[in-house]
Structure formats: C-alpha cells, structure tokens
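Report on one structure; see the data block that follows.
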Amino acid sequence: MDALKVSLCGIPLDNPVIPASGTFGYGHEFAQWYDINCLGTFSFKGTTLSPRLGNPTPRIAECSAGMLNAVGLQNPGVHEVIREELPKLRSCFHKPVMANVSGFSVDEYVEACRLLAAEPQVGWLEINISCPNVHGGGMSFGTDPASAALVVEAVRKVTDKPLIVKLTPNVADIIPIARACEDAGADGISLINTLVGMRIDLKTRRPVLARQTGGYSGPGIFPVALRMVWQVAGAVHIPVVGMGGVSSAQDVIEMMLAGATAVQVGTANLVEPTICRDIIMDLPRVMERYGITSLSDIIGGAR
Amino acid sequence: MDALKVSLCGIPLDNPVIPASGTFGYGHEFAQWYDINCLGTFSFKGTTLSPRLGNPTPRIAECSAGMLNAVGLQNPGVHEVIREELPKLRSCFHKPVMANVSGFSVDEYVEACRLLAAEPQVGWLEINISCPNVHGGGMSFGTDPASAALVVEAVRKVTDKPLIVKLTPNVADIIPIARACEDAGADGISLINTLVGMRIDLKTRRPVLARQTGGYSGPGIFPVALRMVWQVAGAVHIPVVGMGGVSSAQDVIEMMLAGATAVQVGTANLVEPTICRDIIMDLPRVMERYGITSLSDIIGGAR
Amino acid sequence: MNDVLFTVLDNALLARDVYRLRLQGDTGAIARPGQFVNLKVEGCFLRRPISVCDLEEDVLTLIYKVVGKGTATLSRLVKGETIRALTGLGNGYDCAPAGERPLLVGGGVGVPPLFLLAKELRAADKAVCVCLGFGAKEDAFYLREFRELGCEVRLATLDGSLGHKGFVTEILPERYDHFFACGPEPMLQAVCAVTRTSGQLSFEARMGCGFGACMGCSCQTLTGSKRICREGPVLRKEELLWTR
Amino acid sequence: MNDVLFTVLDNALLARDVYRLRLQGDTGAIARPGQFVNLKVEGCFLRRPISVCDLEEDVLTLIYKVVGKGTATLSRLVKGETIRALTGLGNGYDCAPAGERPLLVGGGVGVPPLFLLAKELRAADKAVCVCLGFGAKEDAFYLREFRELGCEVRLATLDGSLGHKGFVTEILPERYDHFFACGPEPMLQAVCAVTRTSGQLSFEARMGCGFGACMGCSCQTLTGSKRICREGPVLRKEELLWTR
Ligand SMILES: Cc1cc2nc3c(=O)[nH]c(=O)nc-3n(C[C@H](O)[C@H](O)[C@H](O)COP(=O)(O)OP(=O)(O)OC[C@H]3O[C@@H](n4cnc5c(N)ncnc54)[C@H](O)[C@@H]3O)c2cc1C
Ligand SMILES: Cc1cc2nc3c(=O)[nH]c(=O)nc-3n(C[C@H](O)[C@H](O)[C@H](O)COP(=O)(O)OP(=O)(O)OC[C@H]3O[C@@H](n4cnc5c(N)ncnc54)[C@H](O)[C@@H]3O)c2cc1C
Ligand SMILES: Cc1cc2nc3c(=O)[nH]c(=O)nc-3n(C[C@H](O)[C@H](O)[C@H](O)COP(=O)(O)O)c2cc1C
Ligand SMILES: Cc1cc2nc3c(=O)[nH]c(=O)nc-3n(C[C@H](O)[C@H](O)[C@H](O)COP(=O)(O)O)c2cc1C
Ligand code: FES
Ligand code: FES
C-alpha cells in the first residue's frame with residue numbers, strides 16, 4: 001500500500017485520510033465502529049486550556065448539503081484530555097495523533113500547546129485560529145494576518161513539533177493570512193474550518209440554533225474549500241491539509257490535485273461512522289481508474 | 001392574492017419572487033416556458049456600459065449542490081440592451097423590471113445607470129459591486145466599504161429610481177459594507193452574489209473552468225446567504241432582497257423570516273425553467289401550512 | 001452499536017400522521033428499551049433518530065409521526081424496500097429500579113419506547129400502570145397493545161375526545177414505585193413536578209451523529225454534561241437541573 | 001422547447017460503455033435532427049444534454065456513453081421508470097444545403113445525431129455516405145442501422161480492429177456536396193481541414209441551462225458569439241474561427 005503513503009511535515013502517513021477535529025471525538029468513539037489504526041492519523045476534538053461547556057442547545061441544524069453546528073468548543077480542557085483521553089486513545093490508536101488546540105488569548109494557546117506538545121503520542125499541533133462559534137474567540141486571530149502571526153510566533157517558541165495552523169474561510173482574501181502564518185514559523189496550513197451559516201425553523205419562526213448562527217460544513221462547502229486549498233497551496237511553501245465537505249475517495253484526490261498533502265474528513269464521519277475506513281479502502285480502485293499510481297505524486301497536480 | 005403582495009422600495013410587487021440576474025437573460029428566453037407576468041419582477045442579465053464577450057469556456061462546472069460559473073459578464077452592452085432587449089422585453093413583460101448593472105470604474109457604473117434609469121420600464125437599478133469573475137472588476141468595490149460607497153454615491157446623483165446594491169459574500173464582515181451603501185444613499189441591499197469556488201476534473205487533472213475559479217451558486221450556498229441576509233437586515237434600515245440557493249416556496253419564506261423583503265431565485269431557473277412560476281403557485285399552500293396569512297407580515301419575523 | 005441494512009416488512013398508518021414501520025434485519029446491538037436507531041433517510045443529509053418501540057428476534061418496530069421532510073419520506077417506504085440504520089444507540093431505560101409497581105408516562109410520539117419497556121416489565125411480572133396523553137382521539141395509538149400486555153392503561157386527551165380531558169399528569173395513579181417517562185419537554189417537566197418517586201425520563205435533541213462524536217446534543221445536568229445520544233436519551237430525574 | 005416526462009421503454013448496452021435508451025413521451029417539440037434534450041438525472045445537480053438519435057411518433061431514442069456519474073445513473077434506468085427532459089433544444093442540422101450527395105462524418109458518441117439526419121436525408125432520397133470513426137471494434141455501433149437506411153457506410157477504428165486503421169478523416173469519399181459532422185473537437189477540426197465543401201458541425205459545451213439563459217456555453221465565431229445550446233450545437237463551417 002505504498003501507493004497511498006504521504007509525508008506530512010516530516011512524519012510519514014500510511015495514507016492521507018485524517019478525520020477532522022470535532023467530528024471524531026478523542027478517537028475511541030470510532031474504535032467501536034472499526035480499527036482506527038487504518039487512518040493516516042486523526043485530529044482530535046478542539047481542546048482549550050480550561051474545560052468548556054460549550055453553547056446552549058440546539059447546536060445542530062440540518063442543511064440540504066450539510067449541517068450547521070454551534071457546539072462552541074465543548075471540551076474537558078487540556079489537563080483532563082492529557083489525564084483521561086490520551087491514555088484511552090493509546091489503547092486503540094498506535095500512531096502519532098494531531099492535537100487540535102483552540103484558545104481565546106495568545107497565552108492560552110501557548111500553554112495548551114506546550115502541555116500537549118510534551119505528550120509523546122502528539123505528532124502535530126493543529127492550532128485552530130478560526131472557530132466562528134465563540135465570541136471574541138478564534139475569529140479575531142484568523143481573520144487578520146497580524147493576529148494570526150502573533151499566535152503562531154508565540155506557539156512556535158514552545159514546541160519543535162510540527163505546527164499546523166487551521167484557517168477560517170470567512171475572510172475576503174485567505175492568501176495574506178496563510179503567508180503570515182508561514183512567515184511566523186508554521187510548518188503547515190490546514191483549511192477550511194466552517195463557513196458561518198444559519199437556518200430558520202418555519203414552524204417556530206425562530207433560528208434553529210440557540211446561538212442563531214453556526215458553522216456550515218459538509219458537501220455544500222466543498223467547492224469553496226477546494227478553491228482555498230488551491231489558492232493557499234499556490235501561495236505558501238509549507239504543506240497544506242485540505243478539508244471541507246470531503247466524503248469520497250474522489251474528493252480526496254480532487255483536494256490533493258488542488259495542492260493538499262493530506263485530506264481531512266469531518267462531517268461525513270457523523271453521518272457514516274465508517275466513512276474514513278471506506279474511503280481508504282476505496283482509494284486504490286479510484287486511483288487505478290484515473291491512472292494514479294502514487295498519491296504523493298499528484299499533490300498539486302492540477303497546477 | 002393580496003397575501004403574496006410586498007412593496008420593494010415603494011414599488012408594489014404582486015409577489016416577492018424575482019428571478020436573479022444572469023440566470024434569466026433579458027426575460028424572453030423564459031417567456032417561451034411560461035407567462036413571466038406572474039413574477040414579482042425580474043433582474044435582467046448583468047449589463048455593462050460596453051459590450052463584453054465574457055470569459056473563455058468551459059465556464060460551467062457542476063457541484064454536488066450547485067454549480068460554478070465563470071461567464072464573466074458576457075452582455076451586449078447597455079446601448080444594445082436598450083435598443084434590442086428592452087423592446088423585446090416590453091412585448092412579453094408588463095411590469096417594472098430590475099436593471100442589473102456592472103462596471104469596472106465608477107464612471108462606467110454611472111453612465112450605464114444613467115442610461116438605464118431613463119428607460120420607463122426600469123423600476124429599480126440593481127448595481128452589482130460583487131462579481132467575482134472579472135479581474136479588477138466588481139470585487140474591489142464590494143469588498144471594501146469605502147469603495148462601495150464611492151459607487152453608490154456617484155450613481156445616486158444620476159437617478160431618483162430605487163437603487164439596490166448587490167453585495168458579494170466573499171468578505172469577512174458584510175455589515176460595514178451594507179451600512180456604507182445605506183449611508184451613501186442606497187434604497188436597498190441585495191445579497192448574496194456567488195461564493196468563489198473551484199472544481200478539478202479528475203480525468204484531465206485540470207481545473208474544470210478555463211478561468212480556474214468561478215462563482216458558486218445553488219442550494220449549497222443557502223445557509224451562508226440566509227445568515228448574511230439576517231445580518232444585513234438587522235444592520236440597515238432599507239429593504240433587503242435575499243438570494244442564494246433559493247429553490248422552493250419554503251426557502252422563500254425562510255429568507256423572508258430572516259429579513260428579506262423580496263427574494264431572488266437564480267440557479268434554480270437554469271435547471272427547472274418554470275421554477276419561479278411553480279414557487280409562486282406553491283406559496284399559498286405552504287403559507288397555509290405554516291399559518292402565514294400575508295407574506296409582508298413575516299419579513300424579519302425570526303428576529 | 002451496529003450499522004444495519006433493514007428490509008421493510010410493512011409501514012402502515014396507525015393514527016393521525018403516525019405510522020408504524022416494521023423492519024427486518026440484525027437487531028443484535030439493541031440491548032434495552034429506550035434505545036434508539038438513527039435512520040439514513042433518502043434525500044436527507046442527517047440521519048433521523050427514532051426510538052425502538054418493539055423488538056422480536058430480527059424484527060424491529062418503530063412508530064413515528066410525520067412532522068417534516070424526513071418522516072414524510074419514511075412514510076412512503078413500502079414493503080421490500082431497504083433502509084440503513086445505526087442501531088443500539090443511547091443508554092435506554094434501566095429496569096432495575098422499577099420496583100413492583102412501575103409507572104409509565106407517555107405523551108404523543110413519546111409513547112413508542114414505553115412499549116418495549118412495558119413488555120420487559122410485564123415479563124418480569126411487574127404491575128405496570130401506563131398513563132398516555134394524546135392531543136385527541138385521532139392521535140391515540142397502541143392502547144390495545146399495552147392492554148394486551150396486561151398493563152393498566154389510563155388515557156388523557158387535550159380535547160377530551162378520549163379518556164380524561166386534560167394533561168396526562170392529571171391521571172397518574174396514587175401509588176407507584178418508580179416512573180419512566182417519554183414525551184414533549186413540557187410534559188416531562190410536569191411529570192417531574194408532580195411525581196414523588198425516583199424516575200427516568202427520555203429526552204430529545206437535535207443530533208449531528210447520534211453516537212457520541214459531535215457534542216451536538218449535550219445537556220447540562222447536576223452530574224455534569226451529558227450527551228443525549230450517548231449518556232442519554234434517558235436521564236434520571238435526580239440529575240435534572242429542573243429538580244434543583 | 002418542452003418539459004416532458006418520459007417513460008423508459010428499454011435501455012440496453014449497445015457497445016463498450018455505450019447504451020441505447022428508448023423513451024416514450026411527447027416528442028412534439030423536437031423539430032430537427034441534431035437537436036438535443038436535457039435530462040434531469042437523479043442525484044445530479046445539472047441536467048445532462050444528449051442528442052436526439054432517432055424519433056418515431058412518441059418514441060425518442062438516445063445513445064449515450066457512460067463517462068461519469070450522470071451517465072452511469074442513466075445506465076441503471078429500467079423499463080417503466082420515468083425521466084424528465086427538456087426537449088427540442090438547439091438549432092439542429094439544416095438539411096436544405098445537403099445537395100444530392102451529402103457526407104456524414106461521426107466519431108464515437110458523436111454518431112447518434114447523424115442517424116436521424118441520415119434518415120431524413122434518405123427520406124428525401126439523397127445518396128448518403130456515412131463515415132464513422134471509433135476507437136475499436138468494441139466501441140462501434142449502429143453500422144447495420146445506417147446500412148438499412150440505404151447509406152453507404154465507411155468505417156475507421158484507431159486500432160484497426162474494424163474497417164480502416166486510423167482516423168475517420170482518412171476514409172472520406174472523393175465527392176460529396178456538403179458535409180455534416182459530429183464528434184470530438186479534434187475530429188471536427190480535422191474534418192474542417194480536409195473538406196472542401198460547405199458543412200455543418202455539431203459541438204459540445206459544458207452547459208448550465210441548455211436553453212439560452214445562462215451564457216455558460218458561449219462560443220466565439222466569425223459571425224459573433226453563439227450559444228452552443230441555442231444558436232448551436234450545429235455551427236456552419238464558414239463561421240468557425242478555425243477557418244480563418
Ligand atoms: C432519541 C430520540 C428518539 C426519538 N424517537 C422518536 C419516535 O420514536 N417517534 C417519533 O415520531 N419521533 C421520534 N423522535 C423525533 C424524531 O427524530 C423527529 O421527529 C424527526 O427527526 C423529524 O425529522 P423530519 O425530517 O421529519 O423533520 P424536520 O423538521 O424536517 O427535520 C429537520 C432536522 O431537525 C431534526 N429534528 C426535528 N424534530 C426533531 C425532534 N423532535 N427531535 C430531534 N431532532 C429533530 C431532524 O432530525 C432533522 O435533523 C426522536 C428523537 C430523538 C432525539
Ligand atoms: C449538445 C450535446 C449533445 C450531446 N449528445 C450526446 C450523445 O448523444 N451521446 C453521448 O454519449 N453524449 C452526448 N453529449 C455529452 C454528454 O452530455 C456528456 O457525456 C454527459 O453530460 C456526461 O455526464 P456525466 O455525469 O456522465 O459526466 P461527468 O463528467 O460526471 O459530468 C460532470 C459535468 O460535466 C458535464 N460534461 C461532462 N462531459 C461533457 C461533455 N462531453 N459535453 C458536455 N458536458 C459535459 C456534465 O454534463 C456535467 O455537468 C452531448 C453533449 C452536448 C453538449
Ligand atoms: C460538530 C463539529 C465540530 C467541530 N469542532 C471543531 C473543533 O473543535 N476544532 C476545529 O478546528 N474544527 C472543528 N470543526 C470543523 C471541522 O474540523 C472541519 O474543519 C469542517 O467541519 C469542514 O470539514 P467537513 O465539511 O468535512 O466537516 C467542527 C466541525 C463540526 C461539524
Ligand atoms: C450563470 C450565472 C450568471 C450570473 N450573472 C450575474 C450577473 O450578471 N449579475 C449579477 O449581479 N449576478 C449574477 N449572478 C449571480 C446571481 O444573480 C445570484 O446572485 C447567485 O447566483 C446566487 O443565487 P442562486 O444561488 O439562486 O443562483 C449569476 C449567477 C449565475 C449562476
Ligand atoms: S448527536 Fe453527536 S454527540 Fe450526540
Ligand atoms: S447552457 Fe445556458 S446559455 Fe447555453
């Protein structure tokens with residue numbers, strides 16, 4: 001299966017398929033569905049320094065080609081994650097994991113990253129500067145090159161592990177933000193996080209979500225995600241991890257042709273719990289159909 | 001059918017359903033499918049001062065919940081529109097029409113608007129400061145409050161007809177742009193234009209569109225559109241015309257609950273040429289189901 | 001938890017807008033009454049959670065009300081068609097604290113999960129009292145089925161067209177050891193308020209996944225944050241914030 | 001132009017990946033060979049344009065090759081199922097300039113529209129020469145059908161497994177009055193280059209609507225911008241930029 005292998009920031013992956021943060025918990029939920037060691041890696045639930053209860057419910061709204069979520073970064077906090085979740089994870093996953101970190105100040109990012117980077121199983125840090133659900137949260141960092149750089153520089157000082165910065169698509173021009181992250185020392189860029197969206201319930205005539213707006217994910221955002229992956233891959237020299245609506249082996253290949261070194265699958269896990277395994281199993285057949293002998297060869301191949 | 005009536009910038013509409021610019025030609029293409037006098041009005045193909053051949057083909061790419069276009073504002077120019085298209089239109093449409101105008105400089109907008117505003121059948125001017133397909137085109141005006149205001153102020157001077165400004169969703173924060181337009185004298189805001197998207201052909205390993213990226217429209221953008229309509233309707237005091245992925249009577253109602261005074265239907269016309277008529281015919285049934293007696297009562301009702 | 005392809009045995013109108021769907025397939029992952037399945041409905045992006053109403057070897061019975069697009073599509077399924085479902089989701093009711101005289105309180109389409117529960121309690125020879133509330137006579141279903149299990153069945157309808165006119169909380173028996181409830185949230189709240197014993201209540205939430213992955217269905221309780229799809233849908237009365 | 005609900009009569013494999021679909025329904029809007037229909041395929045957002053291959057009263061024949069998702073779905077249609085189509089789209093071929101000895105040149109799935117054209121020309125008693133090019137023997141179809149119309153049929157395959165080995169442009173007859181071509185663009189370009197007479201060529205384009213509304217399919221010609229779906233798909237050789 002060498003045909004599927006890629007390398008992400010110097011760490012080899014058996015395949016480029018990575019469940020996306022917030023849709024795969026801390027892994028063990030999915031170990032009940034299949035052996036998650038088949039994955040390239042996975043990005044665990046967005047973790048913050050302190051525990052967070054998240055937003056009021058309803059937090060979920062359906063869309064015709066995806067969903068909205070306003071989970072609001074509910075997580076047990078980095079200490080609990082290290083104490084409870086990582087040991088559980090070790091028992092079902094034997095590869096380096098991607099630690100997804102959110103924060104509401106530079107210091108919070110730094111402290112959470114420092115703690116997680118010290119964990120042996122953490123292979124990459126993925127810092128989410130893009131979560132649109134939390135007031136005064138990631139939004140401000142991710143929509144402005146200077147603030148983005150601030151976080152990256154600060155986190156860079158506390159770890160030598162690969163640092164992947166996850167960007168929000170809710171910006172007019174993604175390129176300066178990606179470049180600022182690269183210049184500030186990021187080892188990779190991942191994108192996209194969710195688009196801000198909304199639904200209204202015709203019966204109650206009220207927004208479906210308690211928080212009114214939420215993050216739109218799923219197949220409906222794929223064309224926007226692909227475009228941004230293409231733009232960023234063409235603008236930086238570090239690897240890009242592509243995501244947004246990916247739900248088939250074909251989508252994975254399209255993302256890689258656009259320039260992604262690895263591809264995350266988010267929402268699709270929620271609807272089809274075995275989708276990542278299924279995609280990995282399907283990849284060789286689809287590659288053959290399109291005459292692809294090695295995935296690492298096609299990264300950015302559409303340019 | 002008073003239940004469907006709304007008023008848009010002082011002009012009464014029999015119903016709020018308006019085919020969106022670029023998906024309805026200059027009307028007569030659709031007069032072959034049904035009597036287009038059932039429409040509230042329609043917004044004709046984006047017109048520029050000089051004729052434009054548009055972009056190279058392929059200009060169309062399919063997405064799972066919509067499409068990309070990179071038509072590039074192909075149109076015969078305002079003089080030809082006035083000489084050829086408007087007379088043809090008069091024979092099949094007997095209501096005020098919405099004249100959609102694009103430009104690449106403030107002067108161009110002004111001149112095209114001046115000429116079109118002088119046409120008796122033109123009820124509203126819809127100025128598109130948002131087309132993402134054209135280099136140095138609308139993009140720059142629509143992504144920055146000051147440039148947006150510049151266009152609006154200038155056009156405002158040459159016409160008293162209602163001036164609706166059509167915004168691009170490809171911005172980090174839509175509110176300051178909408179407010180700038182209102183302050184500059186706009187009578188209404190219409191949104192959203194297309195999101196920038198991309199597709200790659202796995203067979204050729206090349207972007208599907210000759211121009212690589214294009215405007216994403218259709219049901220996949222509905223949640224983003226609804227959110228922006230909600231935000232803008234809450235931020236300005238002028239009417240909002242909502243659009244983006246609308247393809248059913250339910251969608252029309254949801255847009256109106258979010259704050260839209262009227263609702264445009266774009267891409268759906270291309271796939272179902274009679275969709276606007278069908279929606280108008282379906283509205284009374286759907287209104288009854290949700291206990292709505294008059295559409296004008298529910299504008300912004302979700303707030 | 002299991003991902004199962006079911007075949008439709010039948011799908012019949014039971015009451016106003018309420019259908020009973022019987023499915024054949026692997027029910028092995030379903031362990032308790034009060035658990036639910038998450039159905040992949042053609043044309044809907046998210047799955048649709050529906051409670052297990054009855055279980056007999058490889059036949060699963062669901063009862064659902066048509067309230068929107070997904071349930072409308074469900075109602076058009078015909079014999080022989082297939083549908084996929086994630087099964088064995090949620091904690092379900094715990095029969096251990098039922099006592100000798102358990103009380104079951106159901107409202108509308110909250111009634112279905114109580115059926116398998118009643119069946120199990122009757123199999124353990126408990127004296128089961130079932131109090132059911134519906135909007136009107138046309139909405140009522142499964143009265144006979146509960147009676148055939150040997151339960152005492154009490155009825156309330158809002159318009160009085162069948163049984164007591166009013167809320168189901170007005171017809172609860174004097175004595176019972178523990179209660180099990182499922183229904184709309186205002187009903188659950190009322191049940192909590194009028195009952196003196198311990199009890200278990202089944203909740204609904206808008207769900208992203210239905211199996212604990214997305215944190216979409218979280219609910220704050222006195223014993224911490226619970227996922228309705230995983231630590232729920234059944235919560236103990238004692239842990240509800242309402243009881244504070 | 002018309003919006004028609006068709007019923008599938010049959011849908012059979014004709015050659016490698018190539019199917020013939022016969023549909024029953026109102027064909028009244030179809031006026032000329034070379035026009036196309038735009039099919040609403042389940043699960044695809046945009047419609048799929050397919051040329052009219054044959055027409056008999058209310059029976060429409062289409063021939064299509066499975067090249068992607070939409071055509072794969074089409075290939076699974078079975079007798080009795082329904083499919084919606086916009087019919088009578090495009091200008092179609094103009095038979096008037098055909099002369100006594102028209103030449104028809106088709107490549108691959110460009111062959112289908114030539115069939116109805118040949119039929120009409122034969123009905124007008126023209127001496128029709130049909131030159132067809134395919135990849136290989138397994139890809140060829142409708143040879144017998146063209147012969148049965150009384151056409152002279154010449155064949156080329158790229159691998160030489162049937163007829164001449166090489167391009168269809170290498171087997172054109174010496175004499176003909178006017179040509180009609182349909183096939184992949186490189187073939188059309190070659191046909192333009194080797195033919196001396198006037199002719200008509202049918203083009204493909206990625207389409208948004210198929211009926212002139214979106215400007216998605218525009219093509220520049222010497223006589224101005226043309227919409228492939230409306231002023232095309234058939235263009236006259238004389239107006240092509242290639243001939244400049
Ligand atoms: C654990 C659990 C068990 C349930 N058991 C039953 C049952 O046995 N019988 C029954 O009739 N109904 C039951 N429901 C409610 C049922 O899930 C909804 O009625 C159904 O999802 C509505 O789908 P729709 O497409 O018809 O409605 P729509 O309103 O079109 O659905 C839109 C979205 O909202 C969600 N949604 C709408 N209403 C509800 C609701 N009440 N609860 C959760 N999500 C909702 C849908 O799942 C979908 O994601 C249960 C819900 C849960 C959470
Ligand atoms: C006027 C016209 C007549 C045609 N007649 C025939 C015919 O008689 N027989 C036949 O086999 N094919 C014909 N085609 C081509 C046919 O439309 C495509 O093969 C088909 O749309 C592919 O759809 P898909 O979903 O299988 O492929 P996909 O590649 O999955 O389609 C993706 C998108 O690209 C479009 N697309 C892909 N290939 C083409 C193409 N070659 N031309 C236009 N759009 C394309 C699709 O319509 C769709 O929007 C015709 C095309 C046109 C424009
Ligand atoms: C329920 C849910 C929770 C999410 N939580 C996080 C998170 O904690 N951190 C993060 O970086 N992204 C989070 N995301 C965003 C996803 O990781 C991903 O970027 C986005 O959903 C787009 O990919 P998709 O369309 O494949 O889901 C979340 C998405 C969903 C649907
Ligand atoms: C093919 C096509 C052409 C378009 N041309 C224009 C245009 O000329 N001017 C304009 O303001 N918007 C144009 N639009 C944008 C639409 O008017 C509309 O804002 C957008 O498509 C979102 O609505 P929808 O999802 O209903 O299509 C075009 C859209 C499409 C699909
Ligand atoms: S619905 Fe996803 S965690 Fe409960
Ligand atoms: S495809 Fe829309 S104009 Fe031709």
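Quick caveat, the model's predicted, so the values are computed rather than measured.
Interface residues of residues 217-227 of chain A toward chain B, defined by a heavy-atom distance below 4.5 Å and sorted by number: A:Pro219, A:Gly220, A:Phe222, A:Pro223, A:Val224, A:Leu226, A:Arg227. Taking 4.5 Å as the heavy-atom cut-off, the residues of residues 290-303 of chain B that approach chain A are B:Tyr290, B:Gly291, B:Ile292, B:Ile298, B:Gly301, B:Ala302, B:Arg303, ordered by number. Within residues 228-251 of chain A, the residues having any heavy atom closer than 4.5 Å to a heavy atom of chain B are A:Trp230, A:Gln250, listed by residue number.
Applying the salt bridge (Lys or Arg N to Asp or Glu O under 4.0 Å) definition to pairs two or more places apart or across chains, those involving residues 281-293 of chain B are B:Asp282-B:Arg285.
Contact detail for B:Ile200 and A:Glu254: the closest heavy-atom pair is N-OE2, 2.9 Å.
For chain B, the nearby part of A:Leu68 is the side chain; its heavy atoms alone come within less than 4.5 Å.
Atoms CZ and CD1, on B:Arg205 and A:Ile253 in that order, are 8.5 Å from each other to the nearest 0.5 Å.
With chain A as the partner, the residue from B:Gly66, B:Ala65, B:Pro207 showing the most heavy-atom pairs under 4.5 Å is B:Pro207.
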